[in-house]
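Here's the structure we're looking at; comments come further down.
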Number of protein chains: 2
Amino acid sequence: MLDTAPLSDSSNLALGRLRALLDEGSFDAGQRLPPERVLAAQIGIGRRALRRALEVLEAEGRIWRHQGKGTFLGPRPVHSPTGIEELSSRTNPLEVMDVRLEIEPALARLAALRASNGDTERLLRIADKIASSTDADALELWDGALHRAIAEAAGNTLLLAIFDMVDRVRQDVGWQVLRERARSRDRQSAYVEQHRRVIAAIAQREAHAAEQAMREHLELVRDGLLKVMTRPPLNEQKLSSVTLPNSKDKLRHGT
Amino acid sequence: MLDTAPLSDSSNLALGRLRALLDEGSFDAGQRLPPERVLAAQIGIGRRALRRALEVLEAEGRIWRHQGKGTFLGPRPVHSPTGIEELSSRTNPLEVMDVRLEIEPALARLAALRASNGDTERLLRIADKIASSTDADALELWDGALHRAIAEAAGNTLLLAIFDMVDRVRQDVGWQVLRERARSRDRQSAYVEQHRRVIAAIAQREAHAAEQAMREHLELVRDGLLKVMTRPPLNEQKLSSVTLPNSKDKLRHGT
DNA sequence: TACGATACCATTTGCAAATTGGTTCGCTTT
DNA sequence: AAAGCGAACCAATTTGCAAATGGTATCGTA
């Protein structure tokens, strides 16, 4: 028990009354208590004293409060993250790459098994676009399009939704710098070749080969990401006047 | 071109005027057109004739309409499903099982690699609960708790979020019947034994064994589901309509 | 029969009001 | 002087309602 500043008299009174109310089960579990103003009047104390008592109960985990909603009994319900923003604030690039390494090889395998001819044609068209792209931005776009086209070709609605969710997290603010740095020029050729292999395997219905090719590709991407993360500074020094667009203004998207 | 019922005179007039408006670029792309009532007055025709013309344009993909929103130019924007309800209306139990077969073995493997001692203790405790459960409902609850505890033990926030998403879809209305039937009594013992194997492998840090055990478990669950789905009546004559599963056409859930 | 006009239904949007916890200020009481 | 009470105000949330808009049905008219 950590005795912090002791409560004043009337607050203690309120605390006792509240504990009595809670213990006697006057209110159902998970139920919302009356508004503070009402409750204070019922007990016969001021709102401030009541609030101090509620703070204690909240710290004890017996109640939880939220502005605009009310005061509720029981532990605060676990917040199942449904928003992308919140999710991406709780994860990190390495976790994302781990997930991609679990999901996307499976997607490639399924695509090899179930892709329609139209799907494969679309993949080949995107591959052409990638090969003929010079701009870094354009390449990034077509790369994303390729991965998603494979996910679509896999023909599983739920898996596609999962892929989109991971992709939104991946594209969320904060990691653009990393992604761009990870795309070092010398790796680009390797990426293109790996893409080619994945698409070829899918087109030829070689499920295992497609899965393996995608896994190798993502492992290379992950390694590139790791190298960048472990050496964040990347000082200019010798590369001062190199074309490097300095990652533009993509930083600071939000406030 | 499929000539359906030819439009009447004034509808054809409206169609011509509308095409002219769209072609001349009076409205920006993606812009909302004036309300039907206004547009009809501007052109000088009735609303019914206008609507017939709009139907044609919508079928051509040049516009799209939505009740309460308006009429918009261009192709209907792709709807990225974000709600569980919508997602579960677009998928089916087989897809969900396929996804679980991709995700959960990976979770078991990661759990074997990264579970804390507290995690394994928790798994064992849940296993006890399962073994000592007789009620079908209680068993269902503890089964879900076990799978989620494994997902938590894997220690990847994003993967856990994905697991929760799949789980919400799985628990969504409409499939309870299937799930309950799939839990035939004779399979229960097999399930318990498989759970035990998964937990043991995780506790002993045998990653590959944990992955394999989880895969075998889910495959058995999937097989049970398949058997139930291909024989929905359950009470009628033995196998009157044994039209082999033909697993491709997935039972239609949406309209 | 085709067309227009009107009315009504269903869905979406927008906004204002009410509710509620969070905070500050002034006054009274001890 | 410190504590408590009441009031007022702020911020977040919910609720209710009206307006806008596409969807549909009905009726009158040429």
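Keep in mind that this is a model prediction, so the values were computed, not measured.
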## Note on the structure
When rounded to whole Å, the CZ to C1' distance for the pair B:R52 and D:dT24 reads 14 Å
### Query
Can you tell me if B:E95 uses its side chain to pair, donor with acceptor, with the backbone of A:T157 under 3.5 Å?
yes
### Message
For A:R125, give me all partners under side chain to side chain donor-acceptor pair (under 3.5 Å), at least two apart in sequence or on another chain.
### Response
none
## Note on the structure
Those residues at least two apart in sequence (or on a different chain) that pass side chain to side chain donor-acceptor pair (under 3.5 Å) with A:E102 are B:R109
### Query
To the nearest Å, how far apart are B:I63 CD1 and D:dT21 P?
15 Å
#### Entry: Test side chain to side chain contact (heavy atoms under 4.5 Å, CB included) applied to B:A149 - qualifying residues, sequence neighbours left out
B:R122, B:L123, B:I126
#### Entry: Protein-nucleotide distance (B:L39, atom CG; D:dG23, atom P), rounded to Å
13 Å
### Task
Nearest-nucleotide wise, let me know which of B:G46 and A:E55 is further upstream toward the 5' end of DNA chain C.
B:G46
### Task
Please identify each residue that fulfils side chain to side chain contact (heavy atoms under 4.5 Å, CB included) with A:R62, with sequence neighbours left out.
A:R19, A:L22, A:D23, A:L57, A:E60
### Query
What integer distance in Å separates B:I43:CD1 from C:dG4:P?
11 Å
### Query
Which parts of nucleotides 25-30 of chain D does protein reach within less than 4.0 Å, heavy atoms only, written one letter per nucleotide 5' to 3' as B for base, S for sugar-phosphate only and - for none?
-BB---
### Summary
Residues passing the side chain to side chain donor-acceptor pair (under 3.5 Å) test with B:E58, sequence neighbours excluded, are B:R65, B:R76
### Task
Report the residues that fulfil side chain to side chain donor-acceptor pair (under 3.5 Å) with A:D167, sequence neighbours left out, ordered by chain and then residue number.
A:R170, A:Q171
### Message
Under the rule for salt bridge (Lys or Arg N to Asp or Glu O under 4.0 Å), what residues qualify as partners of A:R47, not counting sequence neighbours?
### Response
A:E36
Distances under 3.5 Å between protein N/O atoms and the N/O atoms of nucleotides 17-21 of chain C, please, pair by pair.
from: C:dT20; atom 1: OP1; to: A:R32; atom 2: NH2; distance (Å): 3.0
from: C:dT20; atom 1: O2; to: A:G68; atom 2: N; distance (Å): 3.4
from: C:dG21; atom 1: OP1; to: A:T71; atom 2: N; distance (Å): 3.1
from: C:dG21; atom 1: OP1; to: A:T71; atom 2: OG1; distance (Å): 3.2
from: C:dG21; atom 1: OP2; to: A:E36; atom 2: N; distance (Å): 2.9
from: C:dG21; atom 1: N7; to: A:R37; atom 2: NH1; distance (Å): 3.1
from: C:dG21; atom 1: O6; to: A:R37; atom 2: NH2; distance (Å): 3.0
from: C:dG21; atom 1: N2; to: A:Q67; atom 2: NE2; distance (Å): 3.3

